[in-house]
There are 2 protein chains.
Amino acid sequence: MKKKAVINNTSVCQVRMQAISDTMSILSGKWKFHILGTLIEGNKLGFMDLLREIDGIGTKMLSKELQDLEMNHLVSRTVMNTKPITVEYAITEYGATLSPLIRELAKWGIDYRQSVHGSKGV
Amino acid sequence: MKKKAVINNTSVCQVRMQAISDTMSILSGKWKFHILGTLIEGNKLGFMDLLREIDGIGTKMLSKELQDLEMNHLVSRTVMNTKPITVEYAITEYGATLSPLIRELAKWGIDYRQSVHGSKGV
DNA sequence: AAGGTTAGTTTCCTATTGGAAAGTACTTTC
DNA sequence: GAAAGTACTTTCCAATAGGAAACTAACCTT
């Protein structure tokens, strides 16, 4: 008698799995959450602002990740006609729908630190 | 006059950034959320069960990711003394604290699909 | 003309990720 | 004794991710 997978064979679970893959592929990489988080905090930031805010990121990654996020309509890019050209990056209305997710992410990380340092060993 | 980073220089934001890094490093990789999601759905699953449930994963990755999750106390591993040895993997109480995060992740992914297919273009 | 600011791009290189396949080890069933 | 099931580990390889540094390019200030 062959045992069959029964727990996640329902279409509900298939959809759930797919949904998690979708979200993670859009938000993949080391910097997406940091960029989004920063833009949610401080609306409208220039390229150099972001470079300064996000500790450790380089121009290549920042540029590439911003393009990804723009392509997915999570971030808007506006070229201003200022003296030395500046660009304003901002979170879009759609991008702002990620706020609860990012809040959960940060919340869990903070609780994690506390559970590790507060009591030793969780 | 040098402009300084002002938006995220507060300790609150530093902590937030660190928290996001922590969470993401613990849950990094292609499969962690899938494994956790599956274990949250169906409590207590064997290695082979997980292999069948999680579409596309191989033995190497499943084994490695389970070890990671076990090390972080998110998943428990119990060797049963059955005829052909079986191992029961289950979500821990601590691992279950990730439920809201995973729920948000899935929710956003589902909404994303709808926003792309429902109306074209977000 | 030199140097600084903005906003990137390009190149080169290394480290990590992750998949396929085969191997290990033990036990039960045919 | 051969096959099949459990649960892995190991090896080998290819693709991707990501960092450092240099470079482009336009404009302004001194």
Side-chain angles (χ1 to χ4, degrees), chain A residues 1-7 17 20-21 24-36 38-39 42 44-72 75-90, chain B residues 1-7 17 20-21 24-36 38-39 44-71 75-90:
Chain A
M1 200 193 299
K2 196 93 149 286
K3 235 213 292 199
K4 290 189 74 182
V6 281
I7 289 87
M17 283 287 203
I20 290 172
S21 292
M24 291 316 292
S25 83
I26 289 166
L27 303 176
S28 66
K30 195 175 170 181
W31 300 109
K32 298 253 169 62
F33 283 114
H34 291 292
I35 296 172
L36 289 168
T38 304
L39 286 173
K44 285 180 200 284
L45 294 171
F47 187 84
M48 286 318 217
D49 293 328
L50 285 166
L51 208 55
R52 279 186 287 258
E53 298 290 344
I54 302 168
D55 198 50
I57 200 170
T59 55
K60 195 190 83 170
M61 289 314 293
L62 181 56
S63 172
K64 194 221 147 222
E65 297 296 66
L66 282 169
Q67 280 170 28
D68 281 6
L69 294 171
E70 199 195 344
M71 242 188 297
N72 284 310
V75 160
S76 68
R77 180 180 183 273
T78 316
V79 179
M80 311 303 283
N81 79 338
T82 47
K83 333 57 165 311
I85 190 176
T86 53
V87 176
E88 269 184 10
Y89 289 98
Chain B
M1 199 192 303
K2 195 92 146 286
K3 233 209 298 196
K4 291 190 72 187
V6 281
I7 290 86
M17 283 287 202
I20 290 173
S21 292
M24 291 316 292
S25 82
I26 290 166
L27 303 176
S28 66
K30 196 176 170 183
W31 300 108
K32 298 252 169 60
F33 283 114
H34 291 291
I35 295 172
L36 290 167
T38 304
L39 285 174
K44 286 183 200 287
L45 293 172
F47 188 84
M48 285 318 216
D49 292 329
L50 285 166
L51 208 57
R52 278 185 288 257
E53 298 290 342
I54 302 166
D55 199 49
I57 201 171
T59 55
K60 195 191 84 171
M61 290 313 294
L62 181 56
S63 172
K64 194 220 147 223
E65 297 295 66
L66 281 169
Q67 279 171 27
D68 281 5
L69 293 171
E70 198 195 344
M71 242 187 298
V75 161
S76 67
R77 180 180 183 276
T78 316
V79 180
M80 311 302 283
N81 77 339
T82 47
K83 331 65 163 308
I85 191 174
T86 53
V87 177
E88 269 184 13
Y89 290 97

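A, B, ... follow the sequence lines: proteins, then strands. Residue 1 opens every chain.
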Whole-Å distance separating the [atom1] atom of [X] from the [atom2] atom of [N]:
| X | N | atom1 | atom2 | answer |
| --- | --- | --- | --- | --- |
| A/E70 | C/dG8 | CD | P | 9 Å |
| B/I85 | C/dT24 | CD1 | P | 19 Å |
| B/M80 | C/dT28 | CE | P | 16 Å |
| B/I54 | C/dG19 | CD1 | C1' | 16 Å |
| B/K60 | C/dA20 | NZ | P | 10 Å |
| B/K64 | D/dT9 | NZ | P | 12 Å |
| A/E65 | D/dA17 | CD | P | 9 Å |
| B/M61 | C/dA21 | CE | P | 17 Å |

B/I57 vs A/T59, nearer the 5' end of DNA chain C by closest nucleotide: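 Per heavy-atom nearest nucleotide, the more 5' residue is A/T59.
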How long is the straight-line distance from [atom2] of [Y] back to [atom1] of [X], given to the nearest 0.5 Å?
| X | Y | atom1 | atom2 | value |
| --- | --- | --- | --- | --- |
| A/I26 | A/N72 | CD1 | CG | 5.0 Å |
| B/L66 | B/L39 | CG | CG | 7.0 Å |
| A/R77 | A/L69 | CZ | CG | 13.0 Å |
| B/K30 | A/S25 | NZ | OG | 11.0 Å |

Side chain B/T82 and base D/dT6 donor-acceptor under 3.5 Å: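 In this structure, the two groups form no donor-acceptor pair.
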Options D/dT6, D/dA7, C/dA7, nucleotide nearest the side-chain atoms of A/M48: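 Nearest listed nucleotide: C/dA7.
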Candidate nucleotides D/dT6, C/dG8, C/dT6, ranked by approach to the side chain of A/P84 - the nearest: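 Side chain of A/P84 sits closest to C/dT6.
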Least distance between heavy atoms, B/M17 atom then A/I54 atom: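 Taking B/M17 first and A/I54 second, the nearest heavy atoms are CE-CG1, 4.3 Å.
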Comparing B/V87 and A/K83 on DNA chain D - which has the more 5′ nearest nucleotide: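 Between the two, 5'-proximity favours B/V87.
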Under 4.0 Å: is that the gap between some side-chain N or O of [X] and OP1 or OP2 of [N]?
| X | N | result |
| --- | --- | --- |
| B/K30 | D/dT16 | no |
| A/R77 | C/dG8 | yes |
| B/Y89 | D/dC8 | yes |

Sugar-phosphate, base or nothing in reach of A/Q67, heavy atoms under 4.0 Å: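 The residue A/Q67 makes sugar-phosphate contact but no base contact.
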Sugar-phosphate only, base, or nothing, as touched by A/T86 at under 4.0 Å among non-hydrogen atoms: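 Contact class for A/T86: sugar-phosphate only.
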